[in-house]
Structure formats: structure tokens, C-alpha cells
Amino acid sequence: RPAYGSACTFTSAATGTWTTAGTWTAVGAACSTYPGQTFGGDTVIIANSHIVNLDVSPANSIASLQVGQGASGRLTIGNDITDRTLTVTGNVSIFGGATLNNTGDGGNALNIGGNLTNAGVFDMNVGAADANVTFNGTANQTISGAGGTTDFNTITINNSGAANNNIVE
């Protein structure tokens with residue numbers, strides 16, 4: 001683990017599953033095998049042309065998620081009958097040409113504590129494969145971007161804060 005409790009940055013090094021060590025290059029001392037495995041607060045970057053399948057519900061939340069840094073890239077939540085949950089305490093960014101989607105049999109979840117910016121494809125409602133999205137930040141949150149697809153299954157707003165009156169716009 002890096003000194004003073006700072007988090008690791010995991011960047012995809014190849015196409016693969018979330019839990020496979022060879023999928024990631026990690027920057028930081030004593031990083032786990034995969035993001036969110038042992039410690040919370042990791043930054044995750046899915047690099048250009050890599051496809052990563054979330055095959056686990058990480059035990060700890062990640063700080064931020066960037067999908068497709070470059071011209072492409074994909075993060076897929078699940079591909080089997082086991083429900084998966086990914087919790088991001090900060091922002092989720094999908095770059096142009098990139099995809100964040102769901103291909104499981106339903107029951108998957110994505111929790112977002114920051115903003116969602118989509119310049120590519122965000123699809124949580126793919127036929128019978130759906131994932132529910134919860135916005136659970138402590139301040140106003142936004143959904144923005146000019147991506148070709150922004151498709152939700154179910155949106156839950158559990159946005160708190162000092163006055164419990166923050167919004168998701």
C-alpha cells in the first residue's frame with residue numbers, strides 16, 4: 001500500500017477479467033491484485049482497446065472510473081448469472097468510442113457517488129441484461145455528455161448531504 005494511505009491507480013494492461021492480475025498495471029506500493037480487493041479508494045482506468053469484465057463485486061469501493069482513455073475501451077459488468085456490484089465514490093467518465101455496459105442476467109448494480117460523464121456508450125439496459133444505477137453522493141450530481149447511448153434500467157437517487165436536498169441533474 002502506498003505511504004500515508006494514498007490509493008493505487010490501476011490501469012488496464014490487457015483485455016481480461018477484473019480479478020486477473022495480468023489485466024492490470026498498478027502504481028503504488030503494495031497494491032492489491034485488482035481494484036477494490038483489499039483497500040478502498042483506488043483509481044481505475046480502462047485503457048484504449050482493452051475490454052475488462054467485472055467478474056466480482058469488489059469488497060471495497062473505488063474512487064473514480066475512467067473507461068476508454070483513448071479512442072476505445074470497454075468495461076462490462078458481469079457475464080454470468082451471479083449479480084455484481086461496483087461502487088464508485090467519485091466520478092465515472094466514459095470517453096468517446098468507449099463503452100460501459102452490462103451483459104449479465106440482471107441484478108447487477110452500479111453505485112455512483114460523483115458525476116457521470118458519457119461521451120461514448122453507457123448502457124445498463126441491454127435486453128434481459130440490466131443493471132440498476134444508484135446515485136448516492138453527498139452533493140449535487142450530474143449526468144452529462146454527448147454520448148451516442150445513455151441508457152438506464154432503473155435509477156435510484158439516494159443522494160444525501162447536510163440538508164438532504166441535493167439533486168441529480
Side-chain angles (χ1 to χ4, degrees), residues 9-25 33-37 40 42-137 141-159 168-169:
T9 297
F10 286 85
T11 303
S12 63
T15 291
T17 60
W18 189 275
T19 57
T20 301
T23 301
W24 304 107
T25 299
T33 302
Y34 59 86
Q37 178 183 14
D42 295 326
T43 296
V44 176
I45 301 167
I46 309 298
N48 188 28
S49 77
H50 296 156
I51 300 169
V52 177
N53 179 55
L54 183 70
D55 63 337
V56 67
S57 294
N60 299 284
S61 59
I62 61 173
S64 66
L65 173 64
Q66 300 173 23
V67 181
Q69 206 174 44
S72 65
R74 177 182 299 218
L75 175 62
T76 300
I77 299 175
N79 69 350
D80 54 28
I81 60 172
T82 303
D83 294 344
R84 307 289 185 212
T85 298
L86 180 62
T87 299
V88 181
T89 59
N91 296 330
V92 174
S93 302
I94 303 140
F95 290 84
T99 301
L100 172 56
N101 70 342
N102 176 70
T103 61
D105 286 340
N108 293 317
L110 175 62
N111 302 317
I112 303 173
N115 301 316
L116 171 63
T117 303
N118 177 27
V121 173
F122 177 84
D123 197 351
M124 295 294 115
N125 188 20
V126 183
D130 53 11
N132 298 326
V133 178
T134 298
F135 288 92
N136 60 358
Q141 294 175 263
T142 60
I143 301 166
S144 64
T149 300
T150 302
D151 190 13
F152 291 91
N153 179 53
T154 299
I155 299 173
T156 300
I157 299 174
N158 190 16
N159 186 296
V168 175
E169 180 176 21

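No hydrogens, no waters, no symmetry mates; every other heavy atom, side chains included, goes into these values.
Between Thr33 and Trp24 the shortest side-chain heavy-atom distance does not fall below 4.5 Å. In this structure the side chain of Thr154 never reaches within 4.5 angstrom of the side chain of Phe152, judged on heavy atoms.
Separating the CG atom in Asn118 from the CG atom in Leu100 is a distance of 8.5 Å, to the nearest 0.5 Å. Note: Tyr34 OH to Leu54 CG = 9.5 Å, rounded to the nearest 0.5 Å. To the nearest 0.5 Å, the span separating CE on Met124 from CD1 on Ile155 amounts to 11.5 Å. In this structure, CZ on Phe122 lies 6.0 Å from CD1 on Ile94, to the nearest 0.5 angstrom. Between the CG atom in Asp83 and the CD1 atom in Ile77 there is a gap of 11.5 Å [rounded to 0.5 Å].
The shortest heavy-atom contact between Gly68 and Phe95 is O-CB, 3.2 Å. Between Pro58 and Leu86, the shortest heavy-atom distance links the atoms CG-CD1, 4.1 Å. Of all non-hydrogen atoms in Pro35 and Asp42, the two that sit nearest each other are CA-OD2, 3.8 Å. Here the closest non-hydrogen pair linking Ala13 and Gly22 is CB-O, 4.1 Å.
No option in Leu110, Ile51, Val52, Val92 other than Val52 meets the side chain to side chain contact (heavy atoms under 4.5 Å, CB included) test with Leu75. Partner Thr76 forms a side-chain hydrogen bond (donor to acceptor under 3.5 Å, both in side chains) with one of Asp55, Asn101, Asn53 and no other, that one being Asn101.
Asn48 pairs by the side chain to side chain donor-acceptor pair (under 3.5 Å) definition with Ser72, not counting sequence neighbours. Annotation: side-chain contact (heavy atoms from CB on, under 4.5 Å) contacts of Thr134 (sequence neighbours excluded): Asn111, Asn136, Thr156, Asn158. Every residue meeting the side-chain contact (heavy atoms from CB on, under 4.5 Å) condition with Val121, not counting sequence neighbours, appears here in chain and number order: Thr99, Asp123, Thr149. Every side-chain contact (heavy atoms from CB on, under 4.5 Å) that Ala109 has, sequence neighbours left out, goes to Thr85. With sequence neighbours excluded, the residues that form a side-chain contact (heavy atoms from CB on, under 4.5 Å) with Asn153 are Asn125, Asp130, Asn132. Scored by the side chain to side chain donor-acceptor pair (under 3.5 Å) test, Thr23 finds no partners at all (sequence neighbours excluded).
With hydrogens and angles disregarded, a donor-acceptor distance shorter than 3.5 Å links the side chain of Asn108 to the backbone of Arg84. Side chain of Asn91 to main chain of Ser64: no donor-acceptor pair is present (N/O by atom type, distance under 3.5 Å, no hydrogens or angles). Side-chain N or O atoms of His50 include none that pairs as donor or acceptor with a backbone N or O of Thr15 at under 3.5 Å. A donor-acceptor pair is defined here as one N or O able to donate and one able to accept, closer than 3.5 Å; no such pair exists between the side chain of Thr142 and the backbone of Glu169.
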#### Entry: Worked check of side-chain contact (heavy atoms from CB on, under 4.5 Å) between Val44 and Trp18
CA-CA 11 Å; Val44 176; Trp18 189 275; 4.0 Å; yes
### Check against side-chain contact (heavy atoms from CB on, under 4.5 Å), Thr43 and Ile62
CA-CA 6 Å; Thr43 296; Ile62 61 173; over 6 Å; no
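No hydrogens or angles considered: a donor-acceptor pair under 3.5 Å links the side chains of Gln141 and Asn159.
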